[in-house]
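From a predicted model like this one, the values you see are computed outputs, not experimental measurements. A, B, ... follow the sequence lines: proteins, then strands. Residue 1 opens every chain.
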Amino acid sequence: MEKLVLIDGNSIAYRAFFALPPLSNSSGLHTNAVYGFTTMLLRLIDEQKPTHFLVAFDAGKVTFRHEGYQEYKGGREKTPSELSEQFPVIKDLLRAFGISQYQLEGYEADDIIGTMTRIADEQKKQVVVVTGDKDMLQLASEQVTIALTRKGISEVELYDPAFIQEKYGLTPDQIIDLKGLMGDTSDNIPGIPGVGEKTALKLLHEYGSVEQVLEHVEDMKGKMKDKIRDHAEDARMSKRLATIHREVPMEADWNAIRYEGYQPETLSEMFRKLEFKSLLERLDLPQSAPVNEVEKEELQIHVVGEEGLEEFRPQLERVTSVHVEAYGENPHTASLIGAGFHTGDGQAYYISAETLLSGKARFLQEWFADETRAKTIFDAHYAEVVLAWKGITLAGVGFDTQLAAYLLDPTETNYEMSEQARKYGLPAVGSDESVYGKGAKYRLPELGLLAEHIGRKAATAHKLAEIQRRELEKNEMNRLFYDLELPLSKLLADMELKGIRVDVEGLKKYGEELSANIESLQNRIYELAGGPFNINSPRQMGEILFEKLDLPVIKKTKTGYSTDAEVLEKLEPYHEIVRQILLYRTLAKLQSTYVEGLLKEVRPETGKIHTYYRQTIAATGRLSSQFPNLQNIPIRLEEGRKIRKVFTPSEEGWLILAADYSQIELRVLAHISQDKNLMEAFTENMDIHTKTAMDVFGVSESEVDANMRRSAKAVNFGIVYGISEYGLSQNLNITRKDAGKFIEQYFEVFQGVRRYMDEIVKQARNDGYVKTLLERRRYLPEIKASNFNIRSFAERTAMNTPIQGTAADIIKLAMVRVAERLRQEKLRSRMLLQVHDELVFEVPEEELELMKKLVPEEMEKALELNVPLKADVSYGQNWQEAK
DNA sequence: CCACTCACG
DNA sequence: ACGTACGTGAGTGGG
């Protein structure tokens, strides 16, 4: 038996959206309506076993109903963007299911469904109409059953004419009269005021229809009589509006809407994109397509040895993407494995490191270095560094798929090609771990598998780039990507490759000093503790302090007593040992992390350290630094600051020059919040913390004491981090209530800042993301979490990310511009380090005067804000002196 | 491999 | 009632 299932697409999407909690996939796309829709489809297919299937959608804002009644559906809330963005996805989903869909300009889904059911009635076909809209009951007939959703969408109730009779005492036709009398607030259909469902049913049971009710109005009495008489025309119009149009000019081709079932592969691809993991399992499919099958269909992989290079050579012309594979997290020490080349026609070529580096591959090495040959690549920065250590230059990178993936979602923790392929539904790529194993078990697989893996990565890079180009365009990130991040990745690689010189002898000497001090401290601590223990073990220290010495427990960790600096500072008055431990910790940290840690990273041949800046880690857009981290070299304490002495120029007679932005984050905040007071502070070039203290405490400049300034400074930090009473109270060691008072007073004076904080959180809730001045995005799906902590965290992130992120944008812009000036003016000075708001250079003495001007100048004009940017410059024989 | 601690902006 | 300040990386201990 043939059976048609007709779905009211808009109605079900709305129901699903409001019935389900917010869901989103890792790219920030909301998916709750899609999810609800999907479960509904799966259930209908299972339970109804349709032979024909059609989903109807509304089209166009104005329908024929508006012609007689402008206010139709007026007063309705605008569809939330979280829902409207899901409509295109639902349409894709239907295509993946193989279910037909239909919409017609100027008509609503009801009318399309009305027309289909009329045809079905005439042809005696069975139909089930699925909707959340009671009006549709008017379509019920012997052939047509209406499935109305109940409580959200998890259940439906089936209405045939008999059931409607039983429930309302009405025929399906009379449903229209019911609405004519009672109206419908959601569609802004008036009906008769004061007539609700109860009255309307009573009237219809007595008279049968709107027309009959109006005709017999004189038989009635009291208020009811007046109301009906006064609103007779409203009732007639309401009935017209509620009547589903059943003659839509559409080709109702019964065969075109035949439903043949879905292709599990197509559907699973869709589910993977949407990250519907539970539904994927329900489909009972392998989690990824078998690799071999895909290979045969889509990609042929060739291994090119030295003898094959000449034959491969002409193919280079057609290379669309290249992948450089190496082993090791640190590109400065990684070993090159080989490279894959994809040529766009389903061919990929694998060339091993040995072959790449051979004399016969000169043409290939030149190709890598050729700036005019645009290359698409995954992680150009890593590749450039790895290749450079092998003597190969990489230039002409036109697209970087890892960098693009980061911009499209900077919170992702794994940009591996296998993940990206899965995310975009591309043919599967094996994960590195599955191919190589990990840790001590790392092994190169046999040549065939290796070539397969690397060739596939090259091909995937090309396909990914095609998708990502469009996404970047859509997000208005072209400038950010092509003019900032991509040039920066090259610049970073070049900075790292040059490295920074370290005075190894000086560092060792300092280490010896430390060792002596640490040893005497250790002895003193053992003495005070009454015996030796491992001071580096928080657990053992906890036993000593809180059990043996019986000091008060201030704070606990998941696993035991907390012994961090904050706790120890509170314990200082109780026992002499505490001070010694604090001192020990400071020195031990310096010794292990900074003396020994740095010494391990110095290349003995050159006496230089090559850090690795990572451009795809920090969710705010900042850089991070690894192997070693040169962005956390001590400075706050005098003892630690000495470490900076060992960072020196690499050439005789050169100097270290450092320039840092003054209060860049608060200046950015002044700009984006447009707060008058904050802007004024910076245009007048005032000390911002003093100014804040003056305003918050209502005192004159001379009355601001050190304590007031310290509090104001903490409030300013708090503001940038996304203020909370609790956080500020912790920081200032005051009560929550007092912290609350500070914050309130702050907002009283900086009202523009308060407005910004409110707005940005609202914006994050609406859009699902926040962005920086350069359109860098960060998705915050958790802003809608019901858990207070999770939601609050997202709210603070919403406040902080545009500030920290814009500051990151600005210094990145400055780096690109300074590098450009150095090149243009053929200067020998070199950019060495970036520490979030600071740039460090080594400069020949004769360039010092020029650089002292050039660097802060470029930093200050990197981006024009409505407050000035300020950069201070200093220099000296080493990094400590350049302060 | 995780928890803890601590260095930086 | 909830119990965190934002963003990172590295060393050490202990299961």
* **Rounded distance in Å - CD1 (A:I581) to P (C:dT12)** => 18 Å
* Asked: What integer distance in Å separates A:R796:CZ from C:dG7:P?
  -> 9 Å
* OP1 or OP2 of C:dG14 sitting under 4.0 Å from any side-chain N/O of A:S537? -> yes
* Can A:F788 be called stacked on C:dC2 when the rule is centres closer than 5.5 Å and an angle between planes below 30°? -> no
* Asked: A:V835 near the nucleic acid: base, sugar-phosphate alone, or nothing, with a heavy-atom cut-off under 4.0 Å?
  -> sugar-phosphate
* Nucleotide range of DNA chain B contacted by chain A, 5' to 3', under 4.0 Å to a heavy atom? -> B:dC1 to B:dG9
* Give none if B:dC4 has no partner; otherwise give the nucleotide forming a Watson-Crick or G-U wobble pair with it, both distances under 3.5 Å. => C:dG11
* Taking CG from A:L599 and P from C:dG11, how many angstroms apart are they, rounded to a whole number? -> 12 Å
* Which residues satisfy the salt bridge (charged side-chain N to carboxylate O under 4.0 Å, His left out) test with A:D675, sequence neighbours excluded? -> none
* Nearest-Å distance for atom pair CG/P, residues A:N534 and C:dT12 -> 11 Å
* Structure fact -> Contacts of A:Y594 and A:Y726 projected onto DNA chain C by closest heavy atom; the upstream (5') one is A:Y726
* Presence of salt bridge, A:E665 and A:R622, under 4.0 angstrom -> yes
* Reckon A:Q804 has a side-chain N or O less than 4.0 Å from the OP1 or OP2 of C:dT8? -> no
* To do: Might you point out which heavy atoms bring A:I760 and A:P802 nearest each other, and give the distance in Å?
  => CD1-CG, 4.0 Å
* Verify whether the ring centers belonging to A:H381 and A:Y612 lie closer than 6.0 Å. => yes
* Between C:dA10 (C1') and A:I643 (CD1): distance, integer Å -> 14 Å
* Asked: Is a salt bridge present between A:R644 and A:E881, judged by a nitrogen-to-oxygen distance below 4.0 Å?
  -> no
* To do: Check whether any side-chain nitrogen or oxygen of A:R585 sits under 4.0 Å from OP1 or OP2 of C:dT12, and answer yes or no.
  => no
* Looking only at side-chain N and O atoms, does A:N632 come under 4.0 Å of OP1 or OP2 in C:dT8? -> no
* To do: Return the residues of residues 610-626 of chain A meeting this criterion: a heavy atom under 4.0 Å from some atom of DNA chain B. Order them by number, or give none.
  => A:R622
* Asked: Taking 4.0 angstrom as the limit, do A:K870 and A:D872 come out as a salt bridge?
  -> yes
* What does A:R539 touch in the nucleic acid at a heavy-atom separation under 4.0 angstrom: a base, only the sugar-phosphate, or nothing? -> sugar-phosphate
* **Mutual orientation of the aromatic rings belonging to A:H689 and A:F717 [parallel < 30°, tilted 30-60°, perpendicular > 60°]** => parallel
* **Rounded interatomic separation in angstrom, taking CG from A:D837 and C1' from C:dC6** => 14 Å
* Roughly how far, to the nearest 0.5 Å, is OH of A:Y661 from CD1 of A:I810? -> 6.5 Å
* **Ring-ring centroid check A:Y436 A:Y327, cutoff 6.0 Å** => no
